[in-house]
Chemist: 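Take a look at this one; I'll ask things after.
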Amino acid sequence: MDAQQQQQQQQQQQKQEQQKEEQEEEQQQEEDQEEEEEEEEKMSFFGLDCVRKKETELERKLRANDREYNLSFRYATNAIKTCKYNFFTFLPLNLFEQFQRIANAYFLFLLALQVIPEISSLSWFTTVVPLVLVLSVTAAKDATDDINRHRSDNQVNTRKAQVLIDRKLRSEKWMDVQVGDIIKLENNQFVTADLLLLSSSEPLNLVYIETAELDGETNLKVRQALPVTGDLGDDIEKLADFNGEVRCEAPNNRLDRFTGTLSYAGQKYSLDNEKILLRGCTLRNTEWCFGLVLFGGPETKLMQNCGKSTFKRTSIDRLMNVLVLCIFGFLAFMCTILAIGNFFWEMNEGSKFTVFLPRQNRTNAGFSAFLTFWSYVIILNTVVPISLYVSVEIIRLGNSFYIDWDRKMYYARSDTPAEARTTTLNEELGQIKYIFSDKTGTLTQNIMTFNKCSINGKSYGDVVDYTGQRLEVSELTETVDFSFNPLADPRFVFHDHALVEAVKLENPEVHDFFRLLSLCHTVMAEEKKEGELLYLAQSPDEGALVTAARNFGFVFRSRTPDSVTIVEMGRQRSYELLTILDFNNVRKRMSVIVRSPEGKLSLYCKGADTIIYERLHQSCSKLMDITTEQLNEFAGEGLRTLVLAYKDLDEEYFNEWKQRQHEASTSMDDREGKLDQLYEEIEKDLLLLGATAIEDKLQDGVPQTIEQLSKADIKIWVLTGDKQETAENIGFSCNLLREEMNEIFTVSGNSPEDVREELRNARTSMKPDEVDSVLLPGRSLVKGVMMDEEVNGEHGLVINGHSLAYALERGMQLEFLRTACMCKAVICCRVTPLQKAQVVELVKKYKQVVTLAIGDGANDVSMIKAAHIGVGISGQEGMQAVLSSDFSFAQFRFLQRLLLVHGRWSYLRMCKFLRYFFYKNFTFTFVHFWYAFFCGFSAQTVYDEWFITLYNLVYTALPVLGMSLFDQDVNDVWSFQHPQLYVPGQLNLYFSKKAFFKCALHSGYSSLVLFFIPWAAMHNTVRDDGKDVADYQSFALLTQTCLLFAVSIQLGLEMSFWTAVNTFFVLGSLFMYFGVTFTMYSNGMFLMLPPAFPFIGTARNSLNQPNVWLTILLTSTLCVLPVITFRFLVIQLCPTINDKVMYKVRQTKATPPPLPRRTRIRRTSTRRSGYAFSHAQGYGDLVTSRRFLRRPAVSGSSGLANTGRTTMGFSPMGRSAGYSPTGRPQNVKVQDVEVTSLQMYKTIRDPAL
Amino acid sequence: MASSYNAKEEDGHVPGSAGHGGAAEAKSKKPDNTAFKQQRLPAWQPILTAGTVLPAFFVIGLIFIPIGIGLFVTSNNIKEFEIDYTGVNSDSPCYSCATNASWNNTTPCLCSLNFTLSQPFESNVYMYYGLSNFYQNHRRYVKSRDDSQLYGDPNALKSPSKECEPYRMSGAQPIAPCGAIANSLFNDTLELYHIEPNGTRNLIPLVKKGIAWWTDKHVKFRNPEGNDNLTVAFQGTTKPVNWRNPVYELDPSDPENNGFINEDFIVWMRTAALPTFRKLYRIIQKKSGPTPTLPSGNYVLNIAYNYPVTSFDGRKRMILSTISWMGGKNPFLGIAYITVGSICFFLGGGFKQAALNIWSVHGILGGVELSD
């Protein structure tokens, strides 16, 4: 009774939890919607879109085949429009949008200031030229984007659909399809709009759809029409007469829910999601179907779901915003000082100087100071350079292209190059501190291979040479020839010949072993052509085992509910399947009881070693010891192990047991418990056969990647929907959890108190000496940021989904975060997509670090969107993860290249760029400040106006761009060699407020040199022919030339990677400066437009003076010398990791020697084994009950809509179903071998009907 | 140690994929293998090491010190004589002129100063006037001109640029040349006499041509065209408020030196960068023969004191100077070069010592092992 109650309680709890989750999800969705609505309102508030917001639609009413009626509601047609502009609206709209950016608006404001003659200290063109350039570059980019959108819109809108119009099927464009139309779809066509399924070619009005584009799941789903509409068939007349009326919900973005009613022929039928085909799905395995359009175009659920992705900004962006504000403040400060200076100058000097310089309109000193303030705002505006923003975008774009172009992130097998889908986040890749990774499909390939086995104490699977030394298996190792077996799967690979020999020698244990594997499972076989077997397994593990048996001569051929037919070494034999003792989480084993053709009754059992060992016959104890040793070895290699055992049964006993089982299975109360007891009773005194070892194939290079990343001080958390054992196992095999770790904590409490207790215990054992803050986790926060804590040794944390739910609650999340962050590795198993996002958010919120989430499936979308950077594994199942990601590539191992090479370089380049950019602009600007003290604070510029205009755009643009596109401190090979190079990025060392302040100081110094050296050198000096050289124009030319030399040399110091392009840019810019200067100051230009080029002849007259050049040399030297000295001393006295590596590179003068390929990490100690399968309970029933032959069996209310992995109970296994027993990735799409669980039913159903 | 996995595969050479044939490969999305796209461009990677920095310091020192010495010596060899004739003090001969000077005086106030040159001035001597505390670089002042007008543009002559305000129009007539710069043209006249030991005063010939930049004289400034007669050319315009003569009568002695191309005017129009400046006034040509241009002895400077500067605490100076290849007397560059050179030299030496003795003990870069 107690057990029962407990179970019930548990069930209730589970239900409650589920409900809670659902509620939460709903809430979130509602919030999302609200946000969207708000956004819409905002948009219309700005008057951006001319479309008035329609009255909120509460209910949709429509009538089939009645366009007039439906038109009265003005529903959206099926045309979609993702583009923003058309030909005429482009200019005004785009400009409007651009001027919403603060920088552009600021420059517009400056332009307005410049128009006022009293204030204008610079000609209008100094602002207009850059502004126009920036605006046009951005506009060009926006235009190309929009043209592409137009193109794709057009392509989609002009697809053809067959629409029933005027009692005839006509081919119409998609955009012309309207709500209420009946359209015909054929196999492999995209669903045109959200449809109500009316009828289909398949029996029972079923259709099969693939929803990969919608939710990322590749398994087929079933939709079934109402019988009443199904009867319409493909009779055009009947369909044209169909006048059903639908009332349903208003357009929304919920993919898994639909409510509505159909009124037809006086009857009302309720409609649910099972009868709806959503736009974005593809029709599969269905010849044709008819549907009634419910929602079109923008109102379809697909369109309602997409489009709105949160705009991500990098931390440097945020820092820059702060800095720009600071700069504005600083600008105001400088201008105030200068205005005050002007006030006093006007009081003391200006008032007397009026003889030569009368005041305008008799303004007094105060007003003059006010005007001066604004004049200096104009002059000093270069501290907030407009070209900064454009350059930043260009640099990011360039670095994104490098990612797209990288051959080392190109995966040849699926022909997938890496893709930077967002071009604005590059430098953040160099600052990642936390990685959240999915497991299946991301770390693993989701491919199981039968790797090793132990039969009767003998281990098979290793390749040994003649000395008995174990050899490393590589691609060159000879594989076993299975040609003796015509039914063998050609893709199965095995290396140990001894096992085939044993099979051929008819070793009875080996035969029993494989017989068991071919009988004890729930796999179904499909044989379209003679000899071409296709297994449909519910978990890839099981598929791998059955395939192994098949290749070793025990071919599972077919099954009926009560028989299993296998081909044993060429002889076909049919076993009577008496019972399946199904798998569940508690039993961790499954058994079958079969009667051989000879009439012998046997029980075959496979299961977790610990479980089976308890049930073995004493006679096996010796064998058990040997097998245990081998199991340890298997487990040590990260293989998933299963133990196989069997027992012969007594006919009489079995009949009696069968009787009792029947009673139990029909009893009303505690059926499960009774059955369990019965199973327990029969599954004992088993005889050990051996053990299997299956490799859950990691993707290539995963352990190395994880090792590299952890060396780079990146913490990796694995968030998986898989079960704990599997997750742990993978954790070990991919090097995340290690034997050397001091302890691995497991949190799996079922109540908040338990979880809190477990977390605390974990923490106290990591930090035994700290007691005080145990009760107050909030105390570990400093300004809302949780600091990293030092702990002794390395620890791992494994937390279960249900515990995580408690741990993420408000009261405990800090406790959890603190404990988790003290651990080296964290694995969360059985987590829901929502929890994944919550974990990411938690870390983001309290750790203030840059996070990255990587995943491949629809269930990873939430965390990909939540993290600072989302990475999608492309070419796997569906596209959902990739579509919402910022970067995508085909293999997990590319992550290390993305971060350690591209990310690091991008960060380095961006920081160098920003530092240098601020330096050059501050230096440029500060000189004006010093000059103010010598020109009566009159806002006179130091430089020629043309120089001011062109300085950022022409003279210094390319060199700094060149640096930020080509610079590398060390090349990629060295970057991998020293992952520690990544650490400065995490600590924000290269660009921070401090670095910015240093830049400003450096600029201050440089500007002092740049002003006062020419000042002192030109003071009272004349040319070598006695003529003027200390005039304003010559001085301006001298100062600007000094400045350009100084900043160019400074750039040279910053640049550590001088390619030909860089050299060309730097030298070219200097040459260009002289070219442009001489041109601007030439007679010709002056003659054309005298007022615009007043500097005529200045260049000729002053640049031929030796003392001018000596001044330039002196200024440049003085600007650079302290920098070199300082850097040299820093490198000598406290070198950074970069300095060290660069020095090492220089010393070795070559790429490092290729490193030996890392040998597999072998673990030896503890055993980690279990039925760690992606197995779900319930298949046994299915296989034996014939229920799978009828539709209702699968149409569980939610079963189909959920991702298979996360639901309990029976549901087709999303990913796991597509197993492939060979090393070939499943993503190679072969049109008709689209193995999905639903096909499984279909193919079986066909002969039955 | 770091890892590397099958590099071949990374590069796309999957064993067995060769069989796919050319068609498949042509369609492949595999990125191009160019040095640019793969970021493998050959590059020079300089880093600061003791081996490069220390020699650089020495080299800079070795180059800068001689240059500095050369500059310093050159600057010291330049002879310069400067005399302030503002007349601020009551004992100054120009005191009365200074107190009475105003723009509106029609008759110049005359004063003269005696001075002695202790050393003879060889070769050409340049005579400058210097002004102090005169903000020729004030923004409103600098822009108060019309380059089109000065270039002889007939339209600009008749309707000068707005920048010239308030010296744009005088009544209904446009001012030529307009603007505050032109209006404040320096109009003192200086004459130099050498007093021989016997008491005779010799007027030293002052050359007034060749004092402006060639480009200014020949390109930037131009009289209105169409008439040889400047009086006609400037008809319809009026002289700047402060001027005594119209622009076409600036140099009564030389008709070629009138109008906008008057060299004194051009020199003035080239505004100074700093509030204290000097402008070339006249050139004293070297005499043929061994006699110095200006022998040592007593001189008299006769000044027609027209230009009022005392109102804004300005100073007026007369400067006599010889020049060299590096221009006028300015010891700054020489001193700066010597200083910077020495600092570099000593820094280099100091670092070298440190590199040899201290850093090598504590382990500088090369010694610091990288932990893997």
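Naming convention: chains lettered A, B, ... in sequence-line order (proteins, then strands); numbering from 1 in each chain. The basis for the numbers below is simple: all heavy atoms, side chains too, and nothing from hydrogens, waters or symmetry mates. These numbers come from a predicted model, not from an experiment.
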Chemist: Step by step, work out the side-chain contact (heavy atoms from CB on, under 4.5 Å) result for A:Trp405 and B:Asp32.
Modeler: CA-CA 7 Å; A:Trp405 287 335; B:Asp32 303 336; over 6 Å; no
Chemist: Taking side chain as C-beta onward, heavy atoms only, is A:Ser375 less than 4.5 Å from B:Arg139?
Modeler: yes
Chemist: Non-hydrogen atoms of chain B under 4.5 Å away: do they reach the side chain of A:Ser123, the backbone, both or neither?
Modeler: neither
Chemist: Using heavy-atom distances under 4.5 Å, tell me whether A:Phe966 contacts chain B through its side chain, its backbone, both, or neither.
Modeler: side chain
Chemist: Can you check whether A:Asn1107 reaches B:Trp325 side chain to side chain, under 4.5 Å on heavy atoms?
Modeler: no
Chemist: Check whether B:Leu71 gets within reach of chain A through its side chain, its backbone, both or neither, counting any heavy atom under 4.5 Å.
Modeler: side chain
Chemist: I'd like to know if B:Lys279 and A:Asp1028 make a salt bridge, using a cut-off of under 4.0 Å between side-chain N and carboxylate O.
Modeler: yes
Chemist: Do you know the tightest heavy-atom contact between A:Arg1023 and B:Ile323?
Modeler: O-CD1, 4.2 Å
Chemist: Given the options A:Gly1097, A:Pro1106, A:Ala1017, which has more heavy-atom pairs under 4.5 Å with chain B than any of the others?
Modeler: A:Ala1017
Chemist: Looking at A:Phe934, A:Tyr931, A:Trp345, which one forms a ring-ring contact (aromatic ring centres under 6.0 Å, His included) with B:His138?
Modeler: A:Trp345
Chemist: Using side-chain heavy atoms (C-beta onward) and a distance below 4.5 Å, is A:Thr1059 in contact with B:Pro42?
Modeler: no
Chemist: Going by the rule side chain to side chain donor-acceptor pair (under 3.5 Å), which residues pair with B:Thr215 if we only count those two or more places apart in sequence or in a different chain?
Modeler: A:Asn1101
Chemist: Find the one option among A:Asp1024, A:Asp1031, A:Leu1113 whose heavy-atom pairs under 4.5 Å with chain B are most numerous.
Modeler: A:Asp1031
Chemist: Return yes when atom CZ of A:Phe401 has more than 12 non-hydrogen atoms of other residues, nucleotides or ligands closer than 6.0 Å, and no otherwise.
Modeler: no
Chemist: If we define contacts as heavy-atom pairs under 4.5 Å, which of A:Val970, A:Asp1025, A:Leu1118, A:Thr941 has the most with chain B?
Modeler: A:Asp1025
Chemist: Is A:Thr416 close to chain B through its backbone or its side chain, or both, or neither, when contacts mean heavy atoms under 4.5 Å?
Modeler: neither
Chemist: Please step through side-chain contact (heavy atoms from CB on, under 4.5 Å) for the pair B:Phe64 and A:Leu1114, ending with a clear verdict.
Modeler: CA-CA 9 Å; B:Phe64 270 38; A:Leu1114 180 69; 4.1 Å; yes
Chemist: Indicate, with yes or no, if the rings of A:Phe356 and B:Tyr141 have centres closer together than 6.0 Å.
Modeler: no
Chemist: Can you see which heavy atom on A:Gly1026 is nearest to which on B:Tyr128, and at what distance?
Modeler: O-OH, 2.9 Å
Chemist: Given a strict heavy-atom distance threshold of 4.5 Å, which part of B:Phe134 is in contact with chain A: side chain, backbone, both, or neither?
Modeler: both
Chemist: Between A:Lys1027 and B:Ala212 (side chain of the first, backbone of the second, donor and acceptor by atom type, cut-off under 3.5 Å), is there such a pair?
Modeler: yes
Chemist: May I ask you to test the B:Trp213-A:Thr1098 pair for a side-chain heavy-atom distance under 4.5 Å?
Modeler: yes
Chemist: Working to the nearest 0.5 Å, report the span between CG of B:Asn137 and OH of A:Tyr1032.
Modeler: 9.0 Å
Chemist: If you round to the nearest 0.5 Å, how far is CG of B:Asp313 from CD of A:Glu349?
Modeler: 7.0 Å
Chemist: Kindly compute the distance separating CE (A:Met1018) from CG (B:Leu333), expressed to the nearest 0.5 Å.
Modeler: 6.5 Å
Chemist: When rounded to the nearest 0.5 angstrom, what distance separates CD1 in A:Ile1096 from CG in B:Asp216?
Modeler: 7.5 Å
Chemist: Between A:Asn1062, A:Thr1063, A:Ile1013, which residue shows the highest count of heavy-atom pairs closer than 4.5 Å to chain B?
Modeler: A:Ile1013
Chemist: Quick one: what part of B:Ile335 sits under 4.5 Å from any heavy atom of chain A, side chain, backbone, both or neither?
Modeler: neither
Chemist: Where on B:Val219 is there a heavy atom nearer than 4.5 Å to chain A: the side chain, the backbone, both, or neither?
Modeler: both
Chemist: Taking side chain as everything from C-beta outward and backbone as N, CA, C, O, which of these in A:Ala1030 sits under 4.5 Å from a heavy atom of chain B? Side chain, backbone, both or neither.
Modeler: backbone
Chemist: Which region of B:Ser324, side chain (C-beta onward) or backbone (N, CA, C, O), has a non-hydrogen atom less than 4.5 Å from a non-hydrogen atom of chain A, or is it both or neither?
Modeler: backbone
Chemist: Taking side chain as C-beta onward, heavy atoms only, is A:Val1022 less than 4.5 Å from B:Tyr126?
Modeler: no
Chemist: Shortest non-hydrogen contact from A:Phe1128 to B:Val53?
Modeler: CD1-CG2, 3.6 Å
Chemist: As an exercise, state the distance from OH of B:Tyr151 to CG of A:Leu1087, rounded to the nearest 0.5 Å.
Modeler: 4.0 Å
Chemist: Can you confirm whether B:Asp147 sits close enough to A:Phe1093 that some side-chain heavy atom of one is under 4.5 Å from a side-chain heavy atom of the other?
Modeler: no
Chemist: How close do A:Ile1124 and B:Leu48 get, counting heavy atoms only, and between which atoms?
Modeler: O-CD1, 4.2 Å
Chemist: State, yes or no, whether a side-chain contact exists between A:Asn1020 and B:Asn330 at a heavy-atom distance under 4.5 Å.
Modeler: no
Chemist: What's the verdict on side-chain contact (heavy atoms from CB on, under 4.5 Å) for B:Ile47 and A:Ser1056, showing C-alpha distance, side-chain angles and the deciding distance?
Modeler: CA-CA 7 Å; B:Ile47 58 169; A:Ser1056 50; 5.8 Å; no
Chemist: Using a cut-off of under 4.5 Å for heavy-atom pairs, which of B:Ser148, B:Pro331, B:Cys344, B:Gly314 has the most such pairs with chain A?
Modeler: B:Ser148
Chemist: Is the shortest heavy-atom distance from the side chain of B:Phe332 to the side chain of A:Thr1021 under 4.5 Å?
Modeler: no
Chemist: Using non-hydrogen atoms only, which part of B:Ile67 is less than 4.5 Å away from chain A: side chain, backbone, both, or neither?
Modeler: side chain
Chemist: So which heavy atom on A:Leu357 is nearest to which on B:Ala180, and how close?
Modeler: CD1-CB, 4.4 Å
Chemist: State which residue, out of B:Gln38, B:Gln39, B:Lys37, fulfils the side chain to side chain contact (heavy atoms under 4.5 Å, CB included) condition with A:Asp406.
Modeler: B:Gln38
Chemist: Using non-hydrogen atoms and a 4.5 Å limit, figure out which bit of A:Asp404 sits close to chain B: side chain, backbone, both or neither.
Modeler: backbone
Chemist: Could you state the interatomic distance from CD (B:Gln45) to CZ (A:Phe1057), rounded to the nearest 0.5 Å?
Modeler: 5.5 Å
Chemist: If you tally heavy-atom pairs under 4.5 Å against chain B, which of A:Ser938, A:Pro1090, A:Ala1060 wins?
Modeler: A:Ser938
Chemist: Please state whether the side chain, the backbone, both or neither of B:Lys329 comes within less than 4.5 Å of a heavy atom of chain A.
Modeler: backbone
Chemist: Quick one: what part of A:Leu1089 sits under 4.5 Å from any heavy atom of chain B, side chain, backbone, both or neither?
Modeler: neither
Chemist: Check whether A:Asp969 gets within reach of chain B through its side chain, its backbone, both or neither, counting any heavy atom under 4.5 Å.
Modeler: backbone
Chemist: Do the ring planes of B:Tyr135 and A:Phe353 sit parallel (below 30°), tilted (30 to 60°) or perpendicular (above 60°)?
Modeler: perpendicular
Chemist: Spell out, as yes or no, whether a donor-acceptor pair under 3.5 Å connects the side chain of B:Lys220 to the backbone of A:Pro1094.
Modeler: yes
Chemist: If you count the non-hydrogen atoms of other residues, nucleotides and ligands that lie under 6.0 Å from CZ in A:Phe1126, is the total more than 12?
Modeler: no
Chemist: Under a 4.5 Å cutoff for heavy-atom pairs, which residue among B:Ala156, B:Gly130, B:Ala56, B:Gly210 has the most contacts with chain A?
Modeler: B:Gly210
Chemist: Quick one: what part of B:Leu150 sits under 4.5 Å from any heavy atom of chain A, side chain, backbone, both or neither?
Modeler: neither
Chemist: Taking every heavy-atom pair that is under 4.5 Å apart, which of A:Trp905, A:Phe1035, A:Trp1058 has the most such pairs with chain B?
Modeler: A:Trp1058
